[in-house]
Number of protein chains: 2
Amino acid sequence: MSAIEFSDHDHAACMRSTMQAAEAQCAARGLRLTPVRRRTLEILLAEHRALGAYDLLARLSEEGLGTQPPVAYRALDFLVKAGLAHKIEALNAYVGCVQPGEDHAPAFLICRGCRSVAEAETKPAQSRLGEAARAAGFRIERSVVEAEGLCPACQESDA
Amino acid sequence: MSAIEFSDHDHAACMRSTMQAAEAQCAARGLRLTPVRRRTLEILLAEHRALGAYDLLARLSEEGLGTQPPVAYRALDFLVKAGLAHKIEALNAYVGCVQPGEDHAPAFLICRGCRSVAEAETKPAQSRLGEAARAAGFRIERSVVEAEGLCPACQESDA
DNA sequence: TTCGGTATTGATATATTATAACAGGGGTGT
DNA sequence: ACACCCCTGTTATAATATATCAATACCGAA
Ligand SMILES: [Zn+2]
Ligand SMILES: [Zn+2]
Ligand SMILES: [Zn+2]
Ligand SMILES: [Zn+2]
């Protein structure tokens, strides 16, 4: 749980292994990782940052993979539903998942300086919120846990 | 921590006391609860539900309090900054705060059936996410904790 | 009270994020 | 070939949010 996203790491290897895991997931579950979807995932994974749908679209467009918003939103919807990417609600932006497939309830650390995003694990049922939900008879189906702040690198350049 | 929002309660009294607390807060801190802001807060508090900015604007507009988006967004910004309302990031919508003033880090239970919202307390520093943040050297400034699901009432009508 | 700064409102325009709707293409199994 | 389903291309539009500037209201100091 050490937030590899904010640390120096062999990111080329990080991307390769994540893409392989994504492909394995799709193969196992009969999902089609088409060229647009695959490239979208690569773009998202290229940096551990949140990217807006229209920024993504601009990148896809440069590569001739589509020019209209639905292209980007469809690819993102697919990836999010497949658990290969996540939406960051606080930013209306999207980030590639670094542990694809495991059906997890992720929590995010989001740097407001550089938009880097690290993914942690939650156990929502254990949390104070889970207790409150049980007490109220509320049935949790999905949880959004996002913390905004400054990553180590941006704290230093914070003056 | 009993999520009064989903229970039967004397809501007229609930609103009155919340409005009084809000006024007290504003008085104490030199903030101006102008007519639009006050009415906005009343509308948000009228039900324990999330309301979109444009829905709010429609209500304000019926009452002659303004017709253009900035009217609604300014009032909402004021209330959110003052801690009298909260933005629900997962819905891009807004809800009145039932414990105004205390500088709290709220967590929300959001019903996807009726958009009712209950507010609980978090202690983000205690959470698993807080641990991950400390381990990574990340400095949390703001946290978003939202759980979507079904409230007791909507579970019953869920068929 | 008058002045001058600050906060608020009014109004226009525009930016950003997201979806609806429908036609075309390309496989797969019968 | 045919029907079926999924994916893509395209046009249009919806929903959410902000920038900007002028006019006004408020408030404290002179
Ligand atoms: Zn990496
Ligand atoms: Zn950073
Ligand atoms: Zn109430
Ligand atoms: Zn409900």
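Every chain is numbered from 1, with letters handed out A, B, ... down the list of sequences.
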Please walk me through it: do Glu146(A) and Ile88(A) pass side chain to side chain contact (heavy atoms under 4.5 Å, CB included)? CA-CA 8 Å; Glu146(A) 299 174 354; Ile88(A) 305 297; 3.9 Å; yes
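Between Leu31(B) and Pro69(B), the residue whose closest nucleotide on DNA chain C is further toward the 5' end is Leu31(B).
Closest approach to the Gln68(A) side chain among dT11(D), dA18(C), dA17(D) is made by dT11(D) (side chain taken as heavy atoms from C-beta onward). For Arg74(B), taking side-chain heavy atoms from C-beta onward, the closest of the listed nucleotides dA21(C), dC7(D), dA11(C) is dA11(C). Of the candidates dT17(C), dG10(C), dT18(D), the closest approach to any side-chain atom of Asn92(A) belongs to dT17(C). Comparing dT8(D), dA17(D), dA11(C) against the side chain of Pro70(B) picks out dA11(C) as the nearest. Side chain of Arg37(B), nearest nucleotide from dC7(D), dT8(C), dA18(C): dT8(C).
Glu5(A) places no side-chain N or O within 3.5 Å of a backbone atom of His48(A) that could act as its donor or acceptor partner.
Taking atom CG on Leu91(A) and atom P on dA17(D), their separation rounds to 13 Å, with Å as the unit. Nucleotide dT17(C) holds its P atom 14 Å from the CD1 atom of Ile88(A), rounded to whole Å. What separates CG of Leu65(B) from P of dA11(C) is a distance of 13 Å, to the nearest Å. Put simply, OH on Tyr73(A) is 15 Å from P on dA15(D), counting in whole angstrom units. The CG atom of Asp77(A) sits 12 Å away from the P atom of dC7(D) (whole-angstrom rounding). In this structure, Leu76(A) atom CG and dT16(C) atom C1' are separated by 15 Å, rounded to whole Å. For the pair Leu33(A) CG and dC6(D) P, the computed distance is 17 Å after rounding to whole Å. Atom CG in Leu56(B) sits roughly 13 Å away from atom C1' in dT16(D) (whole-Å rounding).
Phosphate proximity of dT8(D) to Thr34(A): present, with a side-chain N or O under 4.0 Å from OP1 or OP2. For the pair Lys87(B) and dT16(D), the criterion of a side-chain N or O lying under 4.0 Å from OP1 or OP2 is not met.
No single ILVMFWY cluster, assembled from side-chain heavy atoms under 4.5 Å apart, contains both Val117(B) and Val80(B).
Phe78(B) comes within contact range of no nucleotide atom at all, as no heavy-atom separation falls under 4.0 Å.
A parallel orientation is assigned to the rings of Phe138(B) and Phe6(A), their planes being inclined by less than 30° (bins at 30° and 60°).
A salt bridge links Arg142(A) with Glu89(A): the closest approach of a Lys/Arg side-chain nitrogen to an acidic carboxylate oxygen falls below 4.0 angstrom.
Within 3.5 Å, no donor on the side chain of Arg32(A) pairs with an acceptor on the base of dG27(C), nor the reverse. Remark: the Tyr54(B) side chain and the dA14(D) base include no donor-acceptor N/O pair separated by less than 3.5 Å.
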